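Accompanying notes for the structure given below.
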Amino acid sequence: MRLNEGEVVVKSGTFLYGGSVTCDLRIVRSQVRPGSCDPEDPPELANDIEGEFFYVQYGSTTHRGHFNAAGGGGATMEEAIAIAESAPGIGKTVKWID
């Protein structure tokens, strides 16, 4: 998962997958919250929204530095951190580097 134009990594760290495999994670600040593009969704869900948003991205279990999963986010970095730290199975193992 590559960063999109305008996205910036604002916090990074690691977590343990399966209790023993060290993986990377990061919080990314974006200027867009992507919409669902589903015509049946209301406009506030279907359409992209401009603003400041923070997302959690999780690194691969086999290739350090490669991010291949995302897991929610929020309007603040604190919300994104809380999501990462409460993720089932890994949240308690999160260690922030910066």
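Everything quoted here is computed from the prediction, not taken from an experiment.
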### Message
Do Val21 and Leu16 make a side-chain contact, defined as non-hydrogen atoms from C-beta onward lying under 4.5 Å apart?
### Response
no
### Sequence neighbours excluded - salt bridge (Lys or Arg N to Asp or Glu O under 4.0 Å) pairs with any residue from residues 2-15
none
### Minimal non-hydrogen separation, Ser86 against Ala82, with atom names
OG-O, 2.9 Å
### Listed once per pair and sorted, the salt bridge (Lys or Arg N to Asp or Glu O under 4.0 Å) pairs that draw on residues 51-74, sequence neighbours left out
Asp24-Arg64, Arg29-Glu52
### Message
Under the ring pair (Phe, Tyr, Trp, His ring centres under 6.0 Å) definition, can you give me all pairs with a residue in residues 62-90, not counting sequence neighbours?
### Response
none
### Query
Linking I/L/V/M/F/W/Y whenever their side-chain heavy atoms sit closer than 4.5 Å, directly or via other members, would Val56 and Val94 fall into one cluster?
yes
### Message
By the ring pair (Phe, Tyr, Trp, His ring centres under 6.0 Å) test, which pairs, at least two apart or in different chains, include something from residues 2-23?
### Response
Phe15-Tyr58
### By side chain to side chain donor-acceptor pair (under 3.5 Å) - contacts of Ser12 (at least two apart)
Asp98
### Query
What pair of heavy atoms forms the shortest contact from Asn68 to Gly59, and how long is it?
OD1-C, 3.7 Å
### Query
Transitive ILVMFWY cluster of Val28 at side-chain heavy atoms under 4.5 Å: who else is in it?
Leu3, Val9
### Summary
Residue set satisfying side chain to side chain donor-acceptor pair (under 3.5 Å) with Thr62, at least two apart, ordered chain then number -> Ser60
### Task
Show your reasoning for whether side chain to side chain contact (heavy atoms under 4.5 Å, CB included) applies to Ile81 and Trp96.
CA-CA 10 Å; Ile81 290 169; Trp96 299 108; 4.0 Å; yes
### Message
Test side chain to side chain contact (heavy atoms under 4.5 Å, CB included) on Val10 and Met77; report intermediate values, then the result.
### Response
CA-CA 8 Å; Val10 293; Met77 186 163 63; 3.5 Å; yes
### Task
Could you list all the salt bridge (Lys or Arg N to Asp or Glu O under 4.0 Å) pairs where at least one residue sits in residues 70-92, not counting sequence neighbours?
none
### Query
Hey, what else clusters with Ile97 if you join Ile, Leu, Val, Met, Phe, Trp, Tyr whenever side-chain heavy atoms sit under 4.5 Å?
none
### Task
Check ring pair (Phe, Tyr, Trp, His ring centres under 6.0 Å) between Phe54 and all other residues, then give those that pass, not counting sequence neighbours.
none
### Message
Once side chain to side chain donor-acceptor pair (under 3.5 Å) is applied, do any residues pair with Asp41, and if so which ones, sequence neighbours excluded?
### Response
Ser36
### Message
The criterion is ring pair (Phe, Tyr, Trp, His ring centres under 6.0 Å); which residues satisfy it with Phe53, sequence neighbours excluded?
### Response
none
